[in-house]
Amino acid sequence: MQVKLVKATDQSRGKSSTCQTWYNERMQKTIDLSTLLKNYSTGWVAITSDYKKIVVSGKTLKEVTKKINEKKLSNVVLISASKNYRGYVTSV
Amino acid sequence: MTFPYTTLPGLPIDTKRPLIPIRFIYKEKSTLPILSLVDSGADYSYLTVEIADLLGISLKGIKPQKSFGINGSPFLCFSSEITIDLAGDKITIPVHFSPELTPAFPVILGQEGFFSQAKIIFERYSWNLEIKFLEENRQ
């Protein structure tokens with residue numbers, strides 16, 4: 001995301017800052033899976049709990065779970081892969 | 001508990017979503033933690049039927065119901081109940097299993113049962129989400 005660099009004073013924090021710095025500080029707090037998931041458009045993936053590495057992938061939840069159990073992996077989180085997570089109105 | 005938003009691939013630009021790692025429990029079986037979307041606009045919680053299949057939840061005897069997307073289009077779902085575990089805190093919530101959810105969000109945690117049993121604060125300005133299950137509902 002492009003953010004225009006504008007000199008500004010962040011009065012709420014009582015010190016000079018730039019909008020870029022303000023934005024970056026908050027961006028760092030998020031978990032960023034955008035790069036990790038770029039090459040996965042379908043199925044499920046297992047990611048280490050520090051969100052740094054994909055350890056298993058597969059077509060179904062069952063398949064990925066089986067692979068994780070066979071490899072005796074722990075401390076992973078699963079996510080369904082998609083090429084695009086943007087633009088959904090998920091209200092149902 | 002505070003959870004940061006998760007940045008995910010998006011077109012034309014990446015997107016941040018309030019996802020939380022939920023372990024689903026049914027009888028003696030449980031899933032690994034699955035990143036699940038917290039969706040204040042959803043009336044109910046919706047889970048892919050893959051989770052029912054994995055946990056051995058039979059949907060055969062359950063009468064299918066219709067839910068409706070934001071454009072009014074209907075989709076099939078099956079009502080059930082499941083226990084969820086968020087970082088060690090557990091509650092039981094009603095859910096609708098559906099084979100028709102988008103693969104991007106196969107788990108949606110909505111108002112009935114989830115929001116009604118937790119204090120949930122979206123802090124999108126700082127990309128954080130705070131969740132605390134109500135004491136009387138914790139297991």
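On a predicted model such as this, the values are computed, not experimentally measured, just so you know. Below, read A as the first sequence line, B as the second, and so on, with proteins coming before strands; counting in each chain starts at 1.
Contact of A/Ala46 with chain B is not made at all, since no heavy-atom distance falls under 4.5 Å. Heavy-atom distances place both the backbone and the side chain of B/Pro103 under 4.5 Å from chain A. With a threshold of 4.5 angstrom between heavy atoms, B/Leu19 approaches chain A through side-chain atoms but not through N, CA, C or O. Heavy-atom distances place no part of B/Asn71 under 4.5 Å from chain A, backbone and side chain included. For B/Thr31, no part lies under 4.5 angstrom from a heavy atom of chain A.
Between the B/Arg17 side chain and the A/Tyr85 main chain, a donor and an acceptor come within less than 3.5 Å of each other. Listed for the A/Asn84 side chain is a donor-acceptor partner under 3.5 Å among the backbone atoms of B/Leu11.
A donor-acceptor pair shorter than 3.5 Å cannot be found between the side chains of B/Thr92 and B/Glu81. Judged purely by distance below 3.5 Å, without hydrogens or angles, the side chains of B/Tyr44 and B/Ser67 never pair a donor atom with an acceptor atom.
Between B/Ile51 and B/Tyr26 there is no side-chain heavy-atom pair separated by less than 4.5 Å. Proximity of B/Ile22 to B/Ile34: side-chain heavy atoms (C-beta onward) are nowhere separated by under 4.5 Å.
Residues from residues 60-72 of chain A that place a non-hydrogen atom less than 4.5 Å from a non-hydrogen atom of chain B comprise A/Thr60, A/Leu61, A/Lys62, A/Thr65, A/Ile68, given in numerical order.
Ranked by heavy-atom pairs under 4.5 Å with chain A, the list B/Leu32, B/Thr48, B/Val107 is led by B/Leu32. In terms of heavy-atom pairs under 4.5 angstrom with chain A, the leader among B/Arg23, B/Glu50, B/His96, B/Gln111 is B/Glu50. Most heavy-atom pairs under 4.5 Å with chain A, from the set B/Gly10, B/Pro106, B/Ala104: that is B/Ala104.
Nearest heavy atom pair, residue B/Lys90 against residue B/Ile25, reads CE-CD1, 3.7 Å. The two residues B/Asp14 and B/Pro9 come nearest to each other via the heavy atoms OD1-CA, 3.5 Å.
Heavy-atom neighbours of A/Lys38 NZ from other residues, nucleotides or ligands within 6.0 Å: above the threshold of 12.
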For a side-chain contact (heavy atoms from CB on, under 4.5 Å) check, start with the C-alpha distance between B/Phe122 and B/Val38, then their side-chain angles and the critical distance, and finish with the verdict. CA-CA 10 Å; B/Phe122 290 93; B/Val38 180; 3.7 Å; yes
